[in-house]
Amino acid sequence: MTVPEVLLCEATDINLDICLDKGGQSFTWIRISDHQWLNVINNKIVILVRANGKIYLQSSETDQDLLDHVKDYFRLDYDLRTMYHQWSSVDDHFKSLAPEYPAIRLLRQDPVETLFSFICSQNNAIPRITKMVQHLKVAYGEPLGEIHGVALYAFPNIERLAVETVERDLRDAGFGYRAKYIRDAARHLIDTGLDLHSLRKEPYLTVHERLVEIPGIGPKVADCIALMSLDQLGAVPVDTHIWQLACKQYRFSGLPKAKSSMNKTAYHAVGGHFREIFGDHAGWAHLVLFAAQSRARGSLRKTLS
DNA sequence: TGGCCTCCTACCCT
DNA sequence: AAGGGTAGGAGGC
């Protein structure tokens with residue numbers, strides 16, 4: 001069988017290594033070689049191939065509709081070079097880091113998948129999160145087929161995750177206390193009838209409020225979901241690292257010294273500060289800083305071992 | 001009082 | 001072995 005292939009963009013348009021593997025945005029991409037990635041987008045199997053300075057899209061049913069979805073997923077309509085210039089011009093720290101981390105794109109992901117993935121992410125590291133999300137798909141998602149010897153699944157729907165026995169099963173599968181959050185969050189979505197997609201049109205604070213009402217979702221996870229799947233490009237997820245960055249690098253005043261005493265006001269103040277510096281798309285800028293930060297930590301570990 | 005805040009701890013696992 | 005977070009309880013205002 002020949003697999004149709006269409007041109008997606010230039011290789012320099014998307015930093016695939018960071019965006020798909022280690023960026024902490026998506027946990028579902030499977031790297032099958034140095035230059036090939038596998039995933040499901042819009043319930044269709046998708047292969048990304050980097051070759052000849054370009055990125056190609058392969059799929060057994062490549063059509064214009066899927067191509068549009070993939071372009072949308074990578075937000076290729078945003079002129080990222082201009083945005084990098086803009087962010088560099090307003091912040092020296094960004095300016096010094098950016099050349100090493102080009103083409104970091106904010107993925108426009110599915111809200112349901114993003115919500116449950118980031119419930120898994122709390123107090124957790126990427127390899128384990130990846131395993132857990134994979135488990136959700138294998139255990140409760142529709143199989144979509146097999147390619148290059150890899151079986152792929154759709155992300156389960158919320159009805160399936162809301163089943164009574166899910167908590168027990170996930171606990172047995174090693175989800176720990178997150179097992180209950182997942183089942184309860186699914187239950188909440190059904191009971192309240194909250195339509196996640198419709199939140200894309202709402203203002204940031206409304207989106208944040210709706211999300212933190214969901215069991216297992218606090219302010220940080222809410223902002224991850226808002227930023228990465230609900231078009232809230234100004235949402236800044238404040239975790240330990242960004243908190244430290246805010247205190248040390250940006251010397252934000254008026255913040256409590258210890259992270260343990262972070263309250264609602266202080267949490268939102270950090271996001272506000274970043275928005276003052278970087279503007280409406282501060283969450284995207286934060287992603288670049290975040291990538292640089294975690295990369296720095298990784299190499300530090302390497303040199304110590 | 002109720003409501004809202006702060007502080008503290010437990011939670012699973014690698 | 002300390003951690004990329006949240007919930008729930010106690011106690012204060």
Side-chain angles (χ1 to χ4, degrees), chain A residues 18-19 21-28 101 104 106-107 109 114-136 166-189 208-229 235-249 254-271 274 283-302 304-305:
Chain A
I18 292 181
C19 292
D21 283 340
K22 305 195 180 300
Q25 290 194 70
S26 168
F27 307 97
T28 49
Y101 304 93
I104 295 183
L106 171 66
L107 307 179
Q109 302 184 74
T114 306
L115 189 150
F116 289 99
S117 295
F118 279 90
I119 287 181
C120 294
S121 79
Q122 59 193 64
N123 229 329
N124 213 344
I126 289 176
R128 184 166 169 229
I129 302 166
T130 304
K131 264 186 221 157
M132 289 161 73
V133 175
Q134 174 67 6
H135 179 87
L136 291 178
V166 162
E167 179 184 345
R168 176 87 237 193
D169 292 343
L170 290 181
R171 216 161 243 287
D172 292 344
F175 277 57
Y177 58 90
R178 304 166 197 85
K180 181 174 169 56
Y181 294 161
I182 287 171
R183 196 261 165 183
D184 288 354
R187 186 79 265 156
H188 175 98
L189 291 176
H208 187 89
E209 269 176 35
R210 288 292 85 74
L211 290 174
V212 294
E213 287 168 359
I214 302 171
I217 297 182
K220 189 268 181 182
V221 166
D223 280 339
C224 289
I225 299 163
L227 174 66
M228 300 180 197
S229 75
V236 179
V238 181
D239 62 17
T240 308
H241 294 137
I242 295 304
W243 180 262
Q244 284 170 4
L245 202 61
C247 294
K248 287 179 192 163
Q249 181 61 237
L255 299 181
K257 302 251 165 30
K259 193 212 166 210
S260 58
S261 62
M262 175 163 45
N263 56 27
K264 202 172 164 182
T265 311
Y267 181 93
H268 284 289
V270 174
F274 275 101
W284 194 329
H286 136 280
L287 217 52
V288 179
L289 296 174
F290 181 83
Q293 174 107 356
S294 41
R295 189 75 161 253
R297 269 189 312 135
S299 54
L300 180 62
R301 250 187 224 130
K302 252 185 200 165
L304 290 176
S305 61

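Basis for what follows: all heavy atoms, side chains included, without hydrogens, waters or symmetry-related copies. Order of the sequence lines sets the chain letters (A, B, ...), proteins ahead of strands, with each chain counted from 1.
Rounded to whole Å, the separation between the P atoms of B:dC12 and C:dG9 comes to 15 Å.
With distances taken from any side-chain atom of A:Asn123 to the nucleotides B:dC13, B:dC11, C:dA7, the minimum falls on B:dC11.
Between the CG atom of A:Asn263 and the C1' atom of C:dC13 there is a distance of 15 Å, given to the nearest Å. The interatomic distance linking A:Tyr181 (OH) with B:dC12 (C1') rounds to 11 Å, in whole Å. Rounded to an integer number of Å, the gap from A:His208 NE2 to C:dG5 C1' is 13 Å. Rounding to whole angstrom units, CD1 of residue A:Ile126 and P of C:dG5 are separated by 13 Å. Rounded to an integer number of Å, the gap from A:His188 NE2 to C:dA7 P is 11 Å. For A:Met132 and C:dG5, the CE to P distance is 15 Å, given to the nearest whole Å. Rounded to an integer number of Å, the gap from A:Gln122 CD to B:dC13 P is 14 Å. Rounded to an integer number of Å, the gap from A:Met262 CE to B:dC8 P is 15 Å.
If you check every strand for non-hydrogen atoms under 4.0 Å, A:Pro237 touches nothing. In this structure, A:Ser121 reaches neither bases nor backbone, as no heavy-atom distance under 4.0 Å exists between it and the strands shown. Contacts of A:Pro127 with the nucleic acid, taken as non-hydrogen atoms under 4.0 Å apart, are absent.
Between the side chain of A:Trp243 and the backbone N or O of A:Tyr267, no donor-acceptor pair lies under 3.5 Å. The closest donor-acceptor contact from the side chain of A:His286 to the backbone of A:Gly283 lies under 3.5 Å. Checked by atom type and distance alone, the side chain of A:Gln109 never pairs as donor or acceptor with a backbone atom of A:Thr114 at under 3.5 Å.
Contact annotation: A:Arg171 reaches the phosphate of B:dC12 (side-chain N/O to OP1 or OP2, under 4.0 Å).
Between A:Phe27 and A:Phe116, the gap from one ring centroid to the other reaches at least 6.0 Å.
Figure legend. B:dC12 is base-paired to no nucleotide; pairs are counted as Watson-Crick or G-U wobble with both atom distances under 3.5 Å.
Of the inter-residue distances, the one linking A:Tyr181 atom OH with A:Ile214 atom CD1 reads 14.0 Å to the nearest 0.5 angstrom.
At a cut-off of 3.5 angstrom, counting only N and O atoms as typed in the model, there is a donor on one side and an acceptor on the other between the side-chain of A:Arg178 and the base of B:dC12.
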